[in-house]
Amino acid sequence: MPISGFPEYLPSERIVEQRFLDVIRETFELHGFSSVETRSIEPIERLSSQGEDADKEIYAVSRLAGGSDEEARWGLHFDMTVPFARYVLENAGKLAFPFRRYQIQKAWRGERPQEGRYREFTQADIDVVDVGQLSPHFEAEMPLVIADVFSRFPVGEFVIQVNDRKIPNGFYQGIGITDVIGTLRIVDKLDKIGPDKVKALLVESGTTPEQADQCLALAAIRSTDLGFVEQVRALGVEHPLLDEGLESLANVIRTGMAHAPGRLVADLRIARGLDYYTGTVYETQFVGHESWGSFCSGGRYDALASDGRTTYPGVGISIGVTRILGLLVGRGLVTASRSTPAAVLVALTDDDSREQAVSVATALRRRGIACEVAPAAARFGKQIRYAERRGIPYVWFPGAGEAGDEVKDIRSGEQVPASADAWTPPAEDLAPVVTRTDAGS
């Protein structure tokens with residue numbers, strides 16, 4: 001029986017996922033990121049120290065019988081950043097800094113399953129870490145990589161929302177708020193509960209109504225260009241950390257305007273709930289589907305990876321692969337042209353012809369043409385119907401013509417002489433094609 005929150009895909013859906021992962025991997029490598037993979041479990045105390053609700057999300061791991069007390073302190077990682085920070089510390093002497101890594105793995109989070117949210121899911125992350133200091137230009141680079149990924153995959157229009165944690169931190173301190181982290185967590189609930197309830201929570205937490213109004217005024221600022229700087233200045237708040245954050249965010253937006261026009265927007269309500277973010281933060285949404293929330297997020301962290309002597313600051317961003325596909329595939333917005341990689345079905349004239357058919361299939365595969373041999377000898381009409389059900393566009397008939405083999409495009413009905421050493425289908429038929437549709441809502 002199905003287990004809620006642990007998705008399984010049909011073959012056509014899996015093809016969509018595989019194509020998306022191919023695009024992600026190729027794009028990450030085009031930008032010079034190296035692949036790593038970390039273990040699935042981490043000490044629970046390390047995982048639970050990363051945010052207000054982190055301990056509620058962790059799946060503990062232990063053996064059913066004979067487990068030790070040490071094993072009872074392990075948990076499945078709920079993101080890739082925490083294990084990556086540990087990985088950097090343990091391998092610092094073997095890595096070349098600044099270290100650029102990508103990581104595509106499963107993660108597990110014990111939250112209530114719903115559309116687009118799962119307990120087991122695939123994430124695709126990139127990070128850049130350095131020793132002691134991290135150049136701010138890396139914070140501007142992250143959204144450019146993500147813009148490249150989603151521009152290459154048929155997901156429709158999207159926008160990458162960017163803020164800098166120093167802006168609200170400096171702003172809150174500038175208006176006299178002392179519980180900066182608590183205020184940030186409340187403001188981060190804006191999308192879920194709205195400004196009136198956020199204001200009520202802020203006042204309940206100890207801010208004055210006037211301070212709460214100023215927090216909401218800051219969070220309401222959104223700009224596709226550098227206009228956000230003057231809008232913040234107009235609120236009349238001064239603090240050195242605020243100045244630093246505005247300069248940093250301006251650099252990110254300026255880079256986006258030059259290299260990914262229309263994709264980045266300064267949105268000062270973006271906060272991110274995890275405690276380790278210290279600078280730029282990112283969230284990405286589909287235009288027209290904002291109710292789905294963010295499916296790609298991350299930010300700058302300065303102290304997550306430190307051994308007490310050396311600190312390795314970093315910046316990263318994570319694509320929620322399963323979240324995106326759960327929404328796009330589930331709504332029928334993205335589909336694959338067929339449910340099998342095979343472009344050709346090699347037909348059997350009788351049971352004794354299987355060896356000949358395998359030879360044809362072998363010759364085609366050597367030239368990169370995916371194919372399968374018919375499961376059993378039967379009337380050709382039945383074998384063609386099998387290919388139709390599988391979505392295979394071509395059927396190969398060994399020895400069917402006067403000159404030798406013939407191949408049939410079962411969509412058009414055209415059948416032509418062909419040699420397994422020379423025939424190639426059109427490029428669009430070599431592999432399943434993933435396309436955006438107008439179905440769904």
Side-chain angles (χ1 to χ4, degrees), residues 2 6-23 25 122 153-155 321-322 324-326 328-401 404-440:
F6 292 80
E8 293 179 328
Y9 293 129
L10 293 171
S12 61
E13 298 167 340
R14 176 67 169 159
I15 283 174
V16 174
E17 182 191 41
Q18 290 292 91
R19 290 293 177 268
F20 191 24
L21 291 173
D22 288 344
V23 167
R25 184 165 40 247
T122 298
F153 197 76
V155 296
V321 176
T322 307
I324 293 172
L325 296 179
L328 291 177
V329 174
R331 299 289 185 92
L333 294 172
V334 173
T335 61
S337 59
R338 60 182 190 253
S339 60
T340 173
V344 179
L345 176 73
V346 183
L348 294 172
T349 55
D350 53 45
D351 290 336
D352 294 333
S353 66
R354 181 169 294 277
E355 190 66 33
Q356 181 186 6
V358 171
S359 295
V360 170
T362 300
L364 290 171
R365 289 170 187 147
R366 283 173 178 164
R367 297 173 46 244
I369 301 170
C371 60
E372 63 174 278
V373 176
R379 294 190 304 274
F380 283 158
K382 186 174 182 179
Q383 295 185 65
I384 290 172
R385 286 193 294 274
Y386 171 82
E388 288 174 337
R389 290 195 303 272
R390 296 271 286 147
I392 301 173
Y394 296 93
V395 176
W396 193 281
F397 301 103
D405 298 355
E406 292 189 350
V407 65
K408 181 173 186 172
D409 183 336
I410 64 174
R411 298 160 301 180
S412 67
E414 181 184 14
Q415 185 166 327
V416 297
S419 165
D421 295 324
W423 177 85
T424 299
E428 63 269 19
D429 290 334
L430 267 173
V433 178
V434 174
T435 56
R436 175 91 175 180
T437 73
D438 294 327

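Just so it is clear, the values below take in all heavy atoms, side chains as well, and ignore hydrogens, waters and symmetry mates. Numbering starts at 1 and runs along the sequence shown.
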Contact between [X] and [Y] at the side-chain level, heavy atoms closer than 4.5 Å - yes or no?
{"X": "Thr335", "Y": "Val16", "result": "no"}
{"X": "Phe380", "Y": "Lys408", "result": "no"}
{"X": "Tyr9", "Y": "Val329", "result": "no"}
{"X": "Val346", "Y": "Pro398", "result": "yes"}
{"X": "Gln356", "Y": "Thr349", "result": "no"}

Which value, rounded to the nearest 0.5 Å, describes the distance between [X] atom [atom1] and [Y] atom [atom2]?
{"X": "Trp396", "Y": "Leu364", "atom1": "CH2", "atom2": "CG", "result": "5.0 Å"}
{"X": "Phe397", "Y": "Leu348", "atom1": "CZ", "atom2": "CG", "result": "11.0 Å"}
{"X": "Leu325", "Y": "Leu21", "atom1": "CG", "atom2": "CG", "result": "7.5 Å"}
{"X": "Ile384", "Y": "Arg389", "atom1": "CD1", "atom2": "CZ", "result": "12.0 Å"}
{"X": "Ile15", "Y": "Asp22", "atom1": "CD1", "atom2": "CG", "result": "11.0 Å"}
{"X": "Phe20", "Y": "Ile324", "atom1": "CZ", "atom2": "CD1", "result": "4.0 Å"}

Is there a side-chain contact (heavy atoms from CB on, under 4.5 Å) between Arg411 and Asp429? Walk through the geometry before answering. CA-CA 12 Å; Arg411 298 160 301 180; Asp429 290 334; 2.8 Å; yes
Mark yes or no for whether [X], through its side chain, and [Y], through its backbone, hold a donor-acceptor pair below 3.5 Å.
{"X": "Arg367", "Y": "Ala422", "value": "yes"}
{"X": "Thr322", "Y": "Thr122", "value": "yes"}
{"X": "Gln383", "Y": "Ala378", "value": "yes"}
{"X": "Arg338", "Y": "Pro341", "value": "yes"}
{"X": "Thr437", "Y": "Gly332", "value": "yes"}
{"X": "Glu13", "Y": "Leu10", "value": "yes"}

Greater than 12 external heavy atoms within 6.0 Å of Glu428's CD: yes
Is the number of heavy atoms from other residues, nucleotides or ligands under 6.0 Å of Asp350 CG greater than 12? yes
Please report the closest heavy-atom contact between [X] and [Y], naming both atoms and the distance.
{"X": "Tyr394", "Y": "Pro426", "answer": "OH-CD, 3.1 Å"}
{"X": "Ala363", "Y": "Ala420", "answer": "CB-CB, 3.8 Å"}
{"X": "Gly399", "Y": "Asp405", "answer": "N-OD1, 2.7 Å"}
{"X": "Ala418", "Y": "Val407", "answer": "CB-CG1, 3.7 Å"}
{"X": "Arg365", "Y": "Cys371", "answer": "NH2-O, 3.0 Å"}
{"X": "Ala347", "Y": "Ala357", "answer": "O-CB, 4.1 Å"}

Salt bridge check: are Glu17 and Arg14 linked by an N-O gap of less than 4.0 Å? yes
side-chain contact (heavy atoms from CB on, under 4.5 Å) for Val334 and Val434? Distances and angles first, verdict last. CA-CA 7 Å; Val334 173; Val434 174; 3.4 Å; yes
Identify whether NZ of Lys or CZ of Arg in Arg436 sits under 6.0 Å from the centre of the six-membered ring of Phe153 and within 45° of that ring's axis. no
